[in-house]
Amino acid sequence: MIRKGKYAMYNDSEYGFRLLEDKSIISNKHADLSQGFKRLDENIYMKNVSVEEVENLFKINSKAKYKGELFSASEEGKTGKVLLDTINTELAKKMGFERTDKYICTPNMWNGMKWR
């Protein structure tokens, strides 16, 4: 599993963290209902916390090396495929990436490559 985003340590456990109107920690564990989390959706639970309540706040930006170059990496949720991206158009052309967004280019072939 490739992690990317904001995280917080709360009661000796790691949770996803969102800064909305309220600061929220996110869990996928049903057992966290007993810790004061509220169910948002199937397997998604949220709890509003203050910054003072969390032990650490940190951000993870996963990277992967592909053909000798370093790229931002994420994981496609349904298939588990590794997704690479760059905003460097010259590097994208050199690597044969295709534009998938105004500012993002990604490889155009993965042949089912999965994160291991």
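As a basis for the values below, the full set of heavy atoms in this structure was taken, side chains included, without hydrogen atoms, waters or symmetry mates. Counting begins at 1 with the first residue of the sequence.
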Report yes or no: does Glu55 contribute a side-chain atom to a donor-acceptor pair with the main-chain N or O of Ala8 at less than 3.5 Å? no

Name all residues meeting the salt bridge (charged side-chain N to carboxylate O under 4.0 Å, His left out) criterion together with Lys94; count only those two or more places apart in sequence or in a different chain, and write none if there are none. Glu69

For the atom pair OG (Ser72) and CG (Leu83), what is the distance rounded to the nearest 0.5 Å? 11.5 Å

Under 6.0 Å from the NZ atom of Lys4, do we count more than 12 heavy atoms belonging to anything else shown? yes

Taking atom CG of Asn88 and atom CZ of Phe97, what is their separation to the nearest 0.5 Å? 10.0 Å

Hey, could you give me the CD1/CZ distance between Ile87 and Phe71, rounded to the nearest 0.5 Å? 12.0 Å

Taking Val82's backbone N and O only, do any of them form a donor-acceptor pair with Glu75's side chain (distance below 3.5 Å, no angle check)? no

Listed partners of Phe17 passing ring-ring contact (aromatic ring centres under 6.0 Å, His included), at least two apart: none

Tightest non-hydrogen contact, residues Glu53 and Tyr10, listed as O-CD1, 3.7 Å

Met46 versus Ile26, closest heavy-atom pair with distance: CG-CD1, 3.8 Å

Would you say Tyr45 and His30 make side-chain contact, with heavy atoms under 4.5 Å? yes

Parallel, tilted or perpendicular for Tyr15 and Phe37, by the 30°/60° rule? tilted

Taking C-beta and beyond as the side chain, do Lys47 and Asp32 meet within less than 4.5 Å on heavy atoms? no

